[in-house]
Amino acid sequence: MEPLFLYNTLSRKKEEFKPAHPPFVGMYVCGPTVYSNAHLGNARTYVSFDIINRYFLHIGYKVRYVRNITDAGHLEGDQDEGDDKFAKKAKLEQVEPMEIVQKYTLDFHEILRQFNTLPPNVEPTATGHIIEQIELCKQIIANGFAYEISGSIYFDVQKFIKDYNYTELSNRNLDDLLTNTRDLGGQDEKRGRLDFALWIKAKPEHLMHWPSPWGEGFPGWHIECSAMSCKYLGKEFDIHGGGMDLIPTHHTNEIAQNLASHHVQPARYWIHTNMLTVNGQKMSKSLGNSFLPGELFAGTHKLLDKGYSPMTVRFFMLQAHYRSTLDFSNQALQASEKGLERLMNAFKVIDTLKTAGNSSFSVEDLRKKCYEAMNDDFNTPILIAYLFDGVRFINSVKDGKETITSADLAALKKLYSDFIFDIMGLKEENNLPDASGSDDKLMGAVLAIRREVRAKKDFSTSDLIRDELKKINIVIRDTKDGVVLEKF
RNA sequence: GGUCGGGUGGCCGAGCGGCUAGGCUGAGCUCUGCAAAAGCUCCUACAGCGGUUCAAAUCCGCUCCCGACCUCCA
């Protein structure tokens, strides 16, 4: 196996990936808070980790991919008081909080299914692990890194920084954080401004609450990931991932919790994906500039000219590196749509190629380059560039300008199949007319008529048939070998 | 305000000391009844100003813009 390098947020450089217990890889990715529809920015993160998961699987690792669902405890704002997001939404929609959770969990799964992502091996929920979270709180208290104030438990950052580095992941200046005079508003029962809630006392009107040694309450946002990653992957595992926006707060606090309870850093490699932007601004629910995947597929969003298929969007995402921001626009999507079509067509052309006694192009070279690209921090844009180099070769063989041996042809077919479908996770979307159905017989009849009039050089009738078919999204291409159909 | 990350050809987007990706768009050519598809060719860019170096889009400094984080966010 060739060495694989990935960018580790902890060290801020690319490192060779060496799992603790090969061939096993443990990977934990922070999942969504299911209080509203997942938007395209969310989807980008999970598509990025899907590539990473798929690539590990492809090169032979046995991956345990854990991705949580946050269905409790996520508060509005940082005041550690008031409703959580689920309760607020439940009131708004006049349903139970768990109905909110169910609705948006299903939505999330449906979207990821459309993007053709592989499901995680374990998908734990916060509400399903209340006991584990309470136990973890107890451990942190026992170790002296948390304190109770009127039924709530807070993590003692001041205490923590005496023994550990609180800002290792975020690389922030601790003094700046401590002295930041930014007004947070509202009074606070916490001792330190960086302290955060592990367990929150439930108010009487609060709907989601559980018994604990400190009374009825619910878990803080960060504790669930510490509890669940430990339960399914152990105290130390290989990779922890999530969106970049989780670095300074969520992941920083998660590491603190793990160190305060188990005295070890949970993950050896931290991978963070960058944001999707719209007109240069981060796509986020609070900014109101988010696109729902459904709006994108259907083309109903007001900023869109037309709809784009899930695979077009997926390909669009893969044309940028996961650690770069990706700006979302009609033009860029259109370019991806065309490019994907070109790539997929070339894949189909492979089957039609005639072989020769020698190859005028090194398939082995191309194969090496493709793996090199992926081994360099999952560089899908580079990979795609190489695949397009191969596309030109494939088309040239078809045109008789290049040659390929039968062994190379088989290798080429496998290479494209592996990278397009297994690793990039793309799939065929265009529905060609059904070869066995009545559709096909009808088309056959139409094409027979057209063939007849073309033979008589009646090109105006021939073109009329082509134009009429185009109106119903069936495109006819006349080639040397006959008529090719494309249906959209 | 503090911290961090960016500014690449018409658009998107890689590269991050020498070899000047790739996709889309546009122009021309080949093929074709025409079109489409495909191939070939062309349009050669790195915000600005200094500096280091035999050599800089790539390193350093300054300036100007933009974004992210510091508040929930993937």
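Values in this document were obtained by computation on a predicted structure and should not be read as measured data. Heavy atoms only: backbone and side chains are in, while hydrogens, waters and symmetry mates are out. Order of the sequence lines fixes the chain letters, A, B, ..., with proteins taken first and strands second; residue numbering starts at 1 for each chain.
Among the atoms of the strands shown, none is found under 4.0 Å from any heavy atom of L343(A). S284(A) comes within 4.0 angstrom of a nucleotide base, judged by non-hydrogen atoms across all strands. A332(A) comes within 4.0 angstrom of sugar-phosphate atoms only, judged by non-hydrogen atoms across all strands, and of no base. Within the 4.0 angstrom heavy-atom criterion, base atoms lie near G41(A). H321(A) comes within 4.0 angstrom of sugar-phosphate atoms only, judged by non-hydrogen atoms across all strands, and of no base. Here P248(A) lies in heavy-atom contact (under 4.0 Å) with sugar-phosphate atoms only. Backbone-only engagement by Q319(A) is indicated by non-hydrogen atom pairs under 4.0 Å involving sugar-phosphate atoms exclusively.
For the P atoms, the distance linking rU20(B) with rU53(B) amounts to 26 Å, nearest Å. Using C1' as the reference atom, rG10(B) and rC46(B) are 16 Å apart when rounded to the nearest Å. Nucleotides rC69(B) and rC60(B) have their C1' atoms positioned 26 Å apart, rounded to a whole Å. The P atoms of rG17(B) and rG28(B) are separated by 40 Å, rounded to the nearest whole Å. Between the P atoms of rU52(B) and rG13(B), the separation comes to 35 Å (whole Å). Rounded to a whole angstrom, the distance from the P atom of rA45(B) to that of rA56(B) is 15 Å. Here, rA37(B) and rC49(B) have their P atoms 42 Å apart, quoted to the whole Å. For the C1' atoms, the distance from rG18(B) to rU58(B) is 11 Å, rounded to whole Å.
Here the side chain of P381(A) is nearest to one of rC12(B), rC72(B), rA14(B), namely rA14(B). Across rG13(B), rA74(B), rG22(B), the shortest atom-to-atom separation from the side chain of M283(A) is found for rA74(B). Closest approach to the A385(A) side chain among rA68(B), rA21(B), rA14(B) is made by rA21(B) (side chain taken as heavy atoms from C-beta onward). With distances taken from any side-chain atom of S396(A) to the nucleotides rU71(B), rA74(B), rG39(B), the minimum falls on rG39(B). Here the side chain of T249(A) is nearest to one of rU3(B), rA38(B), rC72(B), namely rC72(B). Here the nucleotide nearest the side chain of N379(A), chosen from rG23(B), rA74(B), rG15(B), is rG15(B). For D327(A), the listed nucleotide lying nearest its side chain is rG13(B); candidates were rA74(B), rG13(B), rG22(B). Of the listed nucleotides (rG22(B), rC24(B), rG2(B)), rC24(B) has the atom at the smallest distance from the side chain of A335(A). The side chain of R172(A) lies closest to rG2(B), out of rA74(B), rG2(B), rA14(B).
Aromatic ring centroids of F421(A) and F347(A) lie under 6.0 Å apart.
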Test salt bridge (charged side-chain N to carboxylate O under 4.0 Å, His left out) on R342(A) and E337(A); report intermediate values, then the result. CA-CA 9 Å; R342(A) 182 171 148 84; E337(A) 187 174 58; over 6 Å; no

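Nucleotide rU32(B): unpaired (no Watson-Crick or G-U wobble partner with both distances less than 3.5 Å). Applying the Watson-Crick and G-U wobble criteria (two distances, each under 3.5 Å), rG9(B) pairs with nothing in any strand. When both pairing distances are held under 3.5 Å, rC62(B) makes a Watson-Crick or G-U pair with rG48(B). Pair assignment for rC42(B): rG26(B), on the basis of Watson-Crick or G-U wobble contacts that are both within less than 3.5 Å. With a cut-off of 3.5 Å on both Watson-Crick or G-U wobble distances, the partner of rA21(B) is given as none. Nucleotide rU53(B) has no partner under the Watson-Crick or G-U criteria, as no pair reaches both atom distances under 3.5 Å. When both distances must be under 3.5 Å, the Watson-Crick or G-U wobble mate of rG2(B) is rC69(B).
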Tell me, for nucleotides 31-37 of chain B in 5' to 3' order, what letter each nucleotide earns: B for a base near a protein heavy atom under 4.0 Å, S for only sugar-phosphate near one, - for neither? --BBBBS

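Residue L177(A) forms a side chain to side chain contact (heavy atoms under 4.5 Å, CB included) with just one option from V157(A), I161(A), T167(A), and that option is T167(A).
A straight line from CG of L318(A) to P of rC12(B) spans 19 Å, rounded to a whole angstrom. Nucleotide rC24(B) holds its C1' atom 13 Å from the CD1 atom of I384(A), rounded to whole Å. The distance from atom CG of L387(A) to atom C1' of rA21(B) is 13 Å, rounded to the nearest whole Å. The separation between F388(A) atom CZ and rA38(B) atom P is 10 Å, rounded to whole Å. Atoms CZ (R44(A)) and C1' (rA74(B)) sit 10 Å apart, rounded to a whole Å. Per the geometry, CG belonging to L177(A) stands 12 Å off P belonging to rC4(B), to the nearest Å. Distance CE (M374(A)) to P (rG22(B)): 20 Å, rounded to an integer number of Å. rC66(B) atom C1' lies 14 Å from atom CG of N274(A), rounded to whole Å.
Checking D377(A) against Y322(A) by side-chain atom types alone, a donor-acceptor pair falls below 3.5 Å. Looking only at atom types and distance, the side chain of S360(A) has a donor-acceptor partner in the side chain of E402(A) under 3.5 Å away. Using modelled atom types, one finds no donor on one side chain facing an acceptor on the other under 3.5 Å when comparing N274(A) with T325(A).
A salt bridge does not link K368(A) to E2(A): none of the charged side-chain nitrogens sits closer than 4.0 Å to a carboxylate oxygen. Salt bridge status for E341(A) with K338(A): absent, with no side-chain N to carboxylate O gap under 4.0 Å. Between K302(A) and E295(A), none of the side-chain N atoms (NZ, or NE/NH1/NH2) sits under 4.0 Å from a carboxylate O, so this pair counts as no salt bridge.
Of all non-hydrogen atoms in T70(A) and F86(A), the two that sit nearest each other are O-CZ, 3.3 Å.
The 5' end of RNA chain B is approached more closely, in terms of each residue's nearest nucleotide, by Y386(A) than by the other of M244(A) and Y386(A). Remark on RNA chain B: of its neighbouring residues N279(A) and L340(A), the 5'-side contact belongs to L340(A), judged by nearest-heavy-atom nucleotide.
Put simply, R392(A) has a side-chain N or O that comes within less than 4.0 Å of OP1 or OP2 on rG23(B). The phosphate of rU3(B) has neither OP1 nor OP2 within less than 4.0 Å of any side-chain N or O from N173(A).
Under the 30°/60° scheme for interplanar angles, the aromatic rings of Y28(A) and F237(A) are found to be tilted.
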